[in-house]
Amino acid sequence: MEKVLMKGNEALAEAAMRAGCKCFFGYPITPQTEISAYLAKNMAKRGGVFLQAESEIAAINMVLGAAASGVRAMTSSSGPGISLKSEGVSYIAGSDLPCVIVNVQRGGPGLGGIQPSQSDYWQATRALGHGDFQMVVYAPASVQETIDMTYLAFDTADRFRMPVMILSDGLLGQMMEPVVFPQIEVKIPEKPWACCGHKNKRPHNIINSLYLQPDELENSVNERFKRYEIVKRECPAAESSFCEDAEIVVCAFGAAARIAKSAVNTAREKGIKVGLFRPQTLYPFPVELIEKACRKAKIVLSVEMNKGQMVDDIRLALNCRLPVEFFGRHGGNIPTVKEVSAQIESISERIK
Amino acid sequence: MLTEIIISGFGGQGVLFSGKCLAYSAMLKNVNISWLPSYGPEMRGGTANCSVCLSDEPIGSPLVTEPDILIAMNDPSVDKFIRSVKQGGKVFIDSSIADRKADFYDKFDGKIGIFRIPASQLAQDNGLGGMGNIILLGKVLKECSDMLCGIDRDTVFEAFTKIIPPKKEALIEKNRAAVLVGEGI
Amino acid sequence: MSVVFEKPNALCDVSMHYCPGCTHGIIHRMVAEVIDETGICGNTVGICPVGCSVMAYDYFNCDMIEAPHGRAPAVATGVKRANPDTVVFTYQGDGDLAAIGTCEIVHAAARGENITVIFVNNTIYGMTGGQMAPTTIPGQITQTTPYGRDPKVQGFPLKVCEMLSEVDGVALAQRVAVDSVAHIKEAKKAIRKAFDNQICRRGFSIVEVLSTCPTNWGMTPSEAMERVRTEMIPYFPLGVYKDAVVWEDKTKG
């Protein structure tokens with residue numbers, strides 16, 4: 001299979017088309033714009049729909065409509081735009097519709113900045129919208145993984161009839177790496193619930209998130225949470241390196257994990273027993289996998305491009321068994337390998 | 001081996017393109033690479049730059065903060081990055097645009113190797129207007145052969161055929177000529 | 001014995017939740033009749049708003065989607081673009097379409113989105129209990145304009161058909177009322193045209209129907225009908241504001 005050199009954003013767009021995404025609706029925002037630009041150029045040629053919406057709100061609702069009519073649909077944005085989409089995401093979740101939402105993160109809050117950041121972890125994993133619901137959140141750390149997770153995201157969305165987010169960032173979106181597109185036969189499941197016209201052959205389908213009777217609403221949410229239990233069982237994914245004997249486990253996702261990995265390598269060369277745990281899914285958080293990675297650990301260091309949004313998830317996953325320290329840069333700053341190495345060395349001195 | 005490179009200059013000088021040439025070359029050599037551009041408003045009329053990492057190992061941070069090789073095509077780029085170049089690193093400056101006097105560079109003597117080449121002027125003189133970036137790349141190929149994970153002139157020549165679209169085929173030969181000019185300095 | 005009156009097939013056999021004297025029932029029926037007449041029920045997707053007609057998904061017999069408040073035109077766009085052969089209509093109230101959803105309706109119109117919009121204007125928010133709408137008439141008393149709408153404070157009502165008639169993507173913008181048999185006949189014709197336009201791919205069509213809200217206006221049904229005639233029609237004149245072919249479809253004869 002041929003290797004090609006692609007930007008993360010463009011690779012994601014190409015992967016989406018190959019994964020059977022038929023409709024893309026978006027609105028320009030840095031640093032995700034290459035996704036829109038790539039799809040604008042290629043979607044129609046390949047029988048799909050690209051439409052620039054009048055707002056993020058309209059874009060996510062167009063996704064709702066397309067998903068409701070039974071096709072694979074996607075939208076992409078960055079922090080400020082994702083906030084605007086939150087209304088639609090909640091309705092999509094409440095209507096049990098599958099779709100893929102991409103957040104190429106930049107610094108926040110407010111207009112923030114446009115440089116890479118991971119400051120939307122809480123938004124993605126806790127509450128992208130009102131009501132009791134969750135999204136599966138994939139966190140790629142390379143351009144290749146961005147591609148692989150895009151395929152996965154569409155499959156997961158269809159399988160569980162829920163919104164799935166790919167949480168990228170400005171660094172992963174803008175960088176180029178050599179990649180290979182997998183030769184996967186895309187299988188899109190039947191969607192008998194879709195609103196595409198009943199052809200007078202079945203009762204009318206209704207796609208709706210309104211339940212005025214408390215019992216009905218409670219039941220519908222309970223039913224959804226039963227699916228989340230399967231999601232929590234089957235979807236968690238993570239990569240562990242050097243964790244078998246690690247006394248210090250560095251926990252990092254996405255772009256920050258690349259830097260953390262270099263720092264772990266450097267520290268290993270100096271004889272420090274340190275490993276890296278990299279969650280690939282942020283919801284569901286890989287609870288069992290981190291427990292396994294931390295068997296010999298005395299301490300965990302979370303390295304993030306924010307103010308420590310993942311720290312609580314690590315503590316909860318480990319039942320507060322281990323101290324969890326944090327090192328991060330934010331605002332568009334990216335931690336350097338040197339900075340992370342210094343943190344690891346200082347912890348190593350302290351736990352001796 | 002990990003080689004970290006920053007290529008920086010005014011938007012339009014082709015610094016992102018130079019980086020892409022290296023990135024494609026690395027891919028052709030099956031070397032791990034990453035290419036990361038600066039982006040945002042600073043690109044408009046200001047200084048654009050890209051980070052390129054070449055390595056036998058998987059690449060961690062694609063953002064270069066301490067380069068082994070710096071290509072600086074204007075004074076702001078020199079000012080921004082020259083102090084961060086690693087001990088023993090090499091700096092290639094387009095001296096027809098970046099016009100700091102020779103004594104500015106004296107303080108770096110013995111720490112880093114500095115090559116001041118009037119690349120844009122040479123490009124003009126050789127009928128290769130606008131290809132100062134590739135002339136500097138040619139010079140890098142010559143001076144840094146031990147740092148480029150096996151990337152040489154032939155790899156770059158082949159990379160040009162991948163990057164330059166068939167519609168602009170004539171540019172392939174021009175770029176090759178610019179590499180040769182750079183190597184000949 | 002011959003059948004002289006029956007429920008349209010495009011309406012489900014259920015009782016509706018609308019208040020006595022509310023004209024949603026008439027408007028639902030007209031839409032359903034048009035769906036029956038054109039034989040499109042099996043191919044139609046309706047988009048409900050947020051507001052009194054939120055539960056129209058239980059009343060229309062075609063596939064139905066319930067949209068977030070104001071976003072029905074965006075949802076309709078998604079459905080129509082994903083499946084251009086379906087017939088897509090939105091059914092929206094004045095708060096939904098002309099306040100929170102102004103952006104979506106204007107841009108769906110500007111794109112010449114090949115959909116049909118039924119816009120029910122009764123100058124008040126019904127479901128939330130009678131607050132000022134974007135179409136509340138100056139002087140009109142509502143829960144949030146207890147001293148009457150004062151344009152100096154609350155601004156002026158939005159005249160949607162007039163506004164959209166200036167938009168290039170609009171094929172039909174027509175205002176009708178359902179206060180009399182004659183007006184109902186006119187309204188039915190307009191709705192038929194709005195669907196025909198879509199079937200023939202002529203562009204975006206909107207029919208604004210002046211409607212009542214006896215409950216929140218504090219009137220009897222007949223007083224409410226009288227208000228449509230004496231207060232609403234003078235402020236929102238009936239008529240065709242735009243009738244044009246936006247898209248010439250080469251594929252349909």
Side-chain angles (χ1 to χ4, degrees), chain A residues 2-9 29-34 78 104 106-107 113-116 141-145 169-180 239 241 252 255-266 269 276 278 303 305 329 332-341, chain B residues 1-2 4-7 16-44 46 48-67 84 86 149 151 155-156 158-165:
Chain A
E2 203 200 350
K3 259 191 199 173
V4 286
L5 195 62
M6 283 184 107
K7 274 192 165 193
N9 282 341
I29 184 170
T30 307
Q32 68 78 48
T33 306
E34 292 82 5
S78 189
V104 185
R106 54 190 259 179
I114 57 169
Q115 297 303 319
S142 69
V143 179
Q144 183 65 54
E145 199 172 41
D169 62 63
L171 194 86
L172 293 166
Q174 295 294 325
M175 72 185 285
M176 285 206 295
E177 283 182 315
V179 291
V180 173
E239 180 199 336
S241 25
R258 300 177 68 108
I259 293 131
K261 195 167 191 177
S262 298
V264 165
N265 287 338
T266 311
E269 282 165 18
L276 175 74
R278 177 172 75 85
V303 175
M305 282 146 60
R329 296 295 306 273
N333 285 317
I334 295 161
T336 62
V337 176
K338 252 190 186 169
E339 287 172 331
V340 179
S341 298
Chain B
M1 187 179 69
L2 169 68
E4 296 181 284
I5 304 164
I6 288 178
I7 309 172
L16 301 186
F17 182 79
S18 298
K20 277 185 197 174
C21 294
L22 277 174
Y24 270 90
S25 303
M27 191 171 73
L28 293 171
K29 281 275 173 195
N30 262 324
V31 172
N32 291 305
I33 76 106
S34 66
W35 173 95
L36 177 72
S38 58
Y39 62 88
E42 67 179 46
M43 299 279 289
R44 323 249 186 274
N49 69 74
C50 65
S51 295
V52 178
C53 299
L54 310 172
S55 179
D56 306 325
E57 305 284 320
I59 291 161
S61 176
L63 180 72
V64 176
T65 48
E66 294 178 358
S84 62
K86 278 190 201 121
C149 300
I151 295 169
T155 343
V156 176
E158 196 188 337
F160 288 146
T161 64
K162 304 265 175 199
I163 314 169
I164 297 165

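What you are looking at is a predicted structure, and each value in this text was computed from that prediction instead of being measured. First the proteins, then the strands, lettered A, B, ... as listed; each starts at 1. Only heavy atoms go into these numbers, but all of them, side chains included; no hydrogens, no water, no symmetry mates.
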With rounding to the nearest 0.5 angstrom, report the [atom1] to [atom2] distance, [X] to [Y].
X: A:R258; Y: B:L63; atom1: CZ; atom2: CG; answer: 11.0 Å
X: A:K261; Y: B:S61; atom1: NZ; atom2: OG; answer: 14.0 Å
X: B:I59; Y: A:M175; atom1: CD1; atom2: CE; answer: 7.0 Å
X: A:T336; Y: B:E66; atom1: OG1; atom2: CD; answer: 7.5 Å

Please flag which part of A:P116 lies under 4.5 Å from any non-hydrogen atom of chain B: side chain, backbone, both or neither. both
When the 4.5 angstrom heavy-atom criterion is applied to A:V4 and chain B, the contacting part is backbone
Using every non-hydrogen atom in the two residues, find where A:S262 and B:G60 come nearest and quote the distance to one decimal. OG-CA, 3.2 Å
Tell me the closest heavy-atom pair linking A:K3 and B:M27, and the distance in Å. O-CE, 3.7 Å
Could you look at [X] and say if it's the side chain, the backbone, both or neither that has a heavy atom under 4.5 Å from chain A?
X: B:S34; answer: both
X: B:L2; answer: neither
X: B:E57; answer: neither

For a 4.5 angstrom cut-off between non-hydrogen side-chain atoms, does B:I33 reach A:P178? yes
For the side chain of A:Q115 and the backbone of B:Y39, is there at least one donor-acceptor N/O pair under 3.5 Å apart? yes
Tell me, yes or no, whether the heavy-atom count around A:K338 atom NZ, taken from other residues, nucleotides or ligands under 6.0 Å, exceeds 12. no
